[in-house]
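As the structure is a prediction and not an experimental result, all values here were calculated from the model.
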Amino acid sequence: MKHNKFLFEHLSVFKYAVRWTLLILPVAIAIGSMVALFLWLLGWAIHFRFQHTCLIFLLPLAGIVIHLIYQSVGRSSEKGNNLIMDEIHRPGGGVPRQMAPVILITTVITHLFGGSAGREGTAVQIGGSIAGMFSRWFKLNEVDTKMLLTAGIAAGFGAVFGTPLTGAIFAMEVLAIGRIEYKALLPALIASVLGDLTVSAWGIHHTAYHIDHIEKSAYFLSEYLPVNLLLLSKVILASTLFGLASYLFAVMVHEIKAFFSKVCKIQWLIPVIGGLIIIGLTYAIGKPDYLSLGVDSEYQGAVTIPSAFQPGGADTWSWLWKTIYTTLTLGTGFKGGEVTPLFYIGATLGNALSTLLNAPVSLFAALGFIAVFAGATNTPLACTIMGIELFGSEYTMFFAVACFTAYFFSGHSGIYSSQRIAVPKIFTGT
């Protein structure tokens, strides 16, 4: 009897795995291909702007074009990532199929003219839109549709950053603070891995990062302890500030959007004002380092994410300038993601803190890179895994400490308004 039960259970597992693999395969390949196209177009747009710096003067006009695109064909897609999360929490009208091309085009426009934004939001919306389209074609029920949408998030995220494990965990962790949707584990993992493989098959490569080796130093009781307690205390202190930077970013995005919606009733004028402010800031600062993605260097000596891993590779306030630029860009109606700017903010803040705390530069840049992202999205586990996928496993403990510390100190704020609180971060029992 027990033997038959064992066979039946494992046969069910096998059928479940085969079914979801067959369902996910075309979805993930489609998402990975669309993300590959997006990354190629994004790279072209950024380098074209590098060669034609006067394009920034057309940023206000680009904002009007983006507004008109959403008003004409993309109105139901305006909520972006939050719409996909709402559909997973409580299905309604579905994820519109036009979301993918609309967000791709408008994000490329944003970067072509110098707006400071990221790419994760675009990839996630591409994933959710394509997954929603396939769910209608497959005539899936509500439960399976939710799982396929979660898998779409995983495929988009894993593909755009080249971090398949992170993509799977992020998709399950981001939906609700304090809870991981394990029921979507297999679809999310399959989708994220296949999406990443598809992007690689199209010949798209991701930026490589490296943490320099840290020489062990002798200190009191160091021969008895496996961890450098002095360095660990510096990591905790820095991570507290990373969490506060996450909080500042999340609050500014929401408040800027609310402020302009309140004071400016002419909707198309909001991105015009935002574009003019960004142009003014760029010329007041005297350099274009905080425009666009912040990964590639427009000129030798520019502050970028890779440069933040080197001593002197960032200014003291680079992180704050990028926060201002990105929150203004997204808060006034331009399109793109928040995550790559969060990487920039974290890496440059880590660079500045490493000097202040006399700590290893590349390690603290890496910690800021993942920790500010963890605090802003409330996904500390996914960001810990991202640290391992991007930087190696040598400093896993520091990655975890940084991400979870930033997660707590960012409060219950976050960049996704549809993210629910399943388990509060702090329990105040009576």
Side-chain angles (χ1 to χ4, degrees), residues 13 16-17 20 23-24 27-28 81-91 120-121 123-124 127-128 131 142-161 163-196 239 243 246 250 338-339 342 370-390 393 396-397 399-427:
V13 170
Y16 179 86
W20 274 106
L23 283 174
I24 292 295
V27 180
N81 292 359
N82 290 305
L83 174 61
I84 300 171
M85 294 170 70
D86 284 338
E87 284 297 316
I88 295 174
H89 290 311
R90 181 176 296 178
E120 143 276 339
V124 167
E142 184 177 300
V143 173
D144 285 348
T145 297
K146 289 181 179 182
M147 293 176 66
L148 194 63
L149 287 175
T150 305
I153 293 174
F157 193 97
V160 80
F161 293 121
T163 54
L165 294 180
T166 304
I169 296 171
F170 175 83
M172 297 186 294
E173 190 178 19
V174 74
L175 299 175
I177 295 175
R179 184 179 67 202
I180 298 177
E181 295 290 344
Y182 277 110
K183 61 185 176 185
L185 174 61
L186 185 64
L189 182 59
I190 295 172
S192 190
V193 170
L194 288 177
D196 179 50
S239 301
S246 303
E338 299 94 345
V339 171
L342 288 169
I370 57 176
V372 172
F373 171 36
T377 58
N378 295 300
T379 56
L381 182 58
C383 294
T384 301
I385 300 300
M386 173 174 271
I388 297 170
E389 287 192 290
L390 291 179
S393 60
T396 300
M397 189 193 72
F399 297 158
V401 169
C403 289
F404 281 88
T405 301
Y407 166 76
F408 277 108
F409 278 90
S410 66
H412 288 99
S413 64
I415 57 176
Y416 305 125
S417 58
S418 293
Q419 188 178 54
R420 297 183 176 182
I421 300 176
V423 180
K425 295 184 182 181
I426 303 295
F427 288 96

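For the atom pair CG (Leu175) and CD1 (Ile88), the distance works out to 5.0 Å, reported to the nearest 0.5 Å. One finds the CD atom of Glu173 at 11.5 Å from the CD atom of Glu181 (value rounded to the nearest 0.5 Å). The distance from the CG atom of Leu185 to the CE atom of Met147 is 9.0 Å, given to the nearest 0.5 Å. In this structure, the separation between OG on Ser417 and CG on Asp86 is 7.5 Å, given to the nearest 0.5 Å. The CE atom of Met386 sits 9.0 Å away from the CD1 atom of Ile370 when rounded to the nearest 0.5 Å. A distance of 6.5 Å separates CG in Leu165 from CG in Leu189, rounded to the nearest 0.5 Å.
Counting all heavy atoms, side chain and backbone alike, Ala422 lies closest to Ala176 at CB-CB, 3.9 Å. Residues Pro380 and Ala374 approach most closely at CA-CB, 4.0 Å, considering heavy atoms. Between His412 and Ile421, the closest heavy-atom pair is CD2-CD1, 3.8 Å. Across every non-hydrogen atom of Gly158 and Ser192, the tightest pair is CA-OG, 3.6 Å. The shortest non-hydrogen separation linking Val160 to Ala123 is CB-CB, 3.6 Å. The two atoms that bring Ala371 and Ala402 nearest to each other are CB-O, 3.7 Å, heavy atoms only.
Around CZ of Phe404, the count of heavy atoms belonging to other residues, nucleotides or ligands within 6.0 Å exceeds 12.
Each of Val339, Thr377, Leu342 was checked for a side chain to side chain contact (heavy atoms under 4.5 Å, CB included) with Val372, and the lone residue meeting it is Leu342.
In this structure the side chain of Ile24 reaches within 4.5 angstrom of the side chain of Leu148, judged on heavy atoms. No side-chain heavy atom of Tyr407 sits under 4.5 Å from any side-chain heavy atom of Leu381. Side-chain contact between Pro187 and Tyr16 is present, with at least one heavy-atom pair separated by less than 4.5 Å.
Under the 3.5 Å distance criterion, the side-chain polar atoms of Glu389 are matched with a main-chain donor or acceptor of Thr166. Side-chain atoms of Thr405 come within 3.5 Å of backbone N or O of Val401 as a donor-acceptor pair. No side-chain donor-acceptor contact under 3.5 Å links Glu338 to the backbone of Ile415. Side chain of Ser410 to backbone of Gly243: no donor-acceptor contact under 3.5 angstrom is found. Using modelled atom types, one side-chain atom of Asn378 and one backbone atom of Ser413 make a donor-acceptor pair closer than 3.5 Å.
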Given Tyr416 and Ile177, is the side-chain contact (heavy atoms from CB on, under 4.5 Å) satisfied, shown in steps?
CA-CA 11 Å; Tyr416 305 125; Ile177 295 175; over 6 Å; no
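The aromatic rings of Phe157 and Phe170 lie parallel to each other, their planes meeting at an angle below 30°, with 60° marking the opposite boundary.
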